[in-house]
2 protein chains.
Amino acid sequence: MLLSKSCVYGLRATLLLASNQNGNYTSIKELSEKLDISFHFLTKILQQLTAVDLMESLKGPKGGVRLSKSGEEITLLDIVIAIDGEDLLTECALGLPGCGIEKPCPLHDMWASTRDEIREMLESTSLTQMANKGKKMNLRITADGKFTWE
Amino acid sequence: MLLSKSCVYGLRATLLLASNQNGNYTSIKELSEKLDISFHFLTKILQQLTAVDLMESLKGPKGGVRLSKSGEEITLLDIVIAIDGEDLLTECALGLPGCGIEKPCPLHDMWASTRDEIREMLESTSLTQMANKGKKMNLRITADGKFTWE
DNA sequence: TCTATTTAAGAGTAATTTGTCTTAAATATA
DNA sequence: TATATTTAAGACAAATTACTCTTAAATAGA
Ligand code: FES
Ligand code: FES
């Protein structure tokens, strides 16, 4: 799997947040229901995003989470790195320690270029871009497809 | 992680087999020692390759494993699919079921093209090609780099 | 101030992946 | 045929990932 489940859940949730960013807090309960993700699990994941200040949270009634800046300023890469770390983008395809430095593995050239392309793709795409695309083309971010971008 | 550890171990072992393919059987013991992989674990992994006839095995003294055809005819993709399955090359980046069909997810276009590129890269590269490259450029297929392509 | 609501934190469970160990089956060779 | 060697198979254990549940802390609003 390219991305962990946690990461995928984090992406889905932040896409949703970016899709109707209005300054208000959205409760994790609401996110978890719309996205059909376990509430407690999603809470844990989103905590990782608030920990690195990609999100802000507020406890209590009217509380919830919101992006800490405009969704245009947050890239998919920001979310991926916050949750899965840099491994995907730095590790050797053969799992050898210290990709690239000293002695590369036989797959290095091929993999390094594909890997850079993945990074480029994630880095050049903002949450808002993806959310807008999803909204405009009515794309899917849940398994059943019942989700609607209001 | 792009590839599972099992898959990576399978690739390393088959690269080694391709690097000195002479019709003889190589014992898994020898492979596991050269590659610094647990013998029993590697045995299990290679069984998956013999199960799909990418390798042949022989029990007893002088026994071991060998590629069932020329390493030029076996691609990296063959090994990856035999061990990790098609998931990496067919699954949705957001983990949604049925990538592409019906309603794609917002990442679909981007991911599908990157994914095809990964497939292309694995499919167009044979074990022998990689092994020759490794031999010629003295590249690394173990963590410590002590391994030598005799 | 009191209460209901909501995130934070952490313990605990389940599933999957990774790795170990033991025994059985096959086979080359003496 | 007897023995040593090697893969096959399967039970088992450890580590990681995925998920659940309970309790604490914060806060808006009555
Ligand atoms: S060293 Fe293996 S991919 Fe870089
Ligand atoms: S539907 Fe998500 S990548 Fe194809």
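Note that these values count all heavy atoms, side chains included, but never hydrogens, waters or copies made by symmetry. The structure displayed is predicted, hence computed values, not measured ones. Here is the naming used below: chain letters follow the sequence lines, and residue numbers restart at 1 for every chain.
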Whether over 12 other heavy atoms sit under 6.0 Å from K29(B) NZ | no
Span of DNA chain D engaged by chain A, first through last nucleotide within the 4.0 Å heavy-atom cut-off, is dA18(D) to dG29(D)
DNA chain C nearest-nucleotide lookup for L58(B) and V65(A): closer to the 5′ end is V65(A)
Between CD of E56(B) and P of dA26(C) the distance, given in whole Å, is 18 Å
H40(B) has its side chain closest, among dT20(C), dA9(C), dT29(C), to dT20(C)
Note to self: Please check if the number of heavy atoms outside N20(B) that lie under 6.0 Å from its CG is greater than 12.
What the structure shows: yes
Practice prompt. Look at the side chain of D78(B) and the backbone N and O of T75(B), then say whether any donor-acceptor pair between them is shorter than 3.5 Å.
Written response: yes
Residue pair L3(A)/L46(B) against DNA chain D: nearer the 5' end by closest nucleotide is L46(B)
Output for pair (T148(B) OG1, K135(B) NZ), nearest 0.5 Å, gives 11.5 Å
Q48(B) atom CD is separated from dT18(C) atom P, nearest whole Å, by 11 Å
Taken to the nearest whole Å, CG/L2(B) to P/dT17(C) is 15 Å
Between CD of Q47(B) and P of dA26(C) the distance, given in whole Å, is 14 Å
*Identify whether any heavy atom of F39(B) sits under 4.0 Å from a base atom; if not, whether one sits that close to sugar-phosphate; answer base, sugar-phosphate or nothing.*
base
d(L94(B) CG, L107(B) CG) to nearest 0.5 Å is 5.0 Å
Atom NZ of K5(B) and atom P of dT20(C) are separated, to the nearest Å, by 10 Å
Does atom CG (D116(B)) have a neighbourhood of more than 12 heavy atoms from anything else shown, all under 6.0 Å?
yes
On DNA chain D, more 5' by nearest nucleotide between S27(B) and F41(A) is S27(B)
Whole-Å distance, L35(B) CG to dG19(C) P, equals 14 Å
Nearest heavy-atom approach of N24(A) to R66(A) is O-CB, 3.7 Å
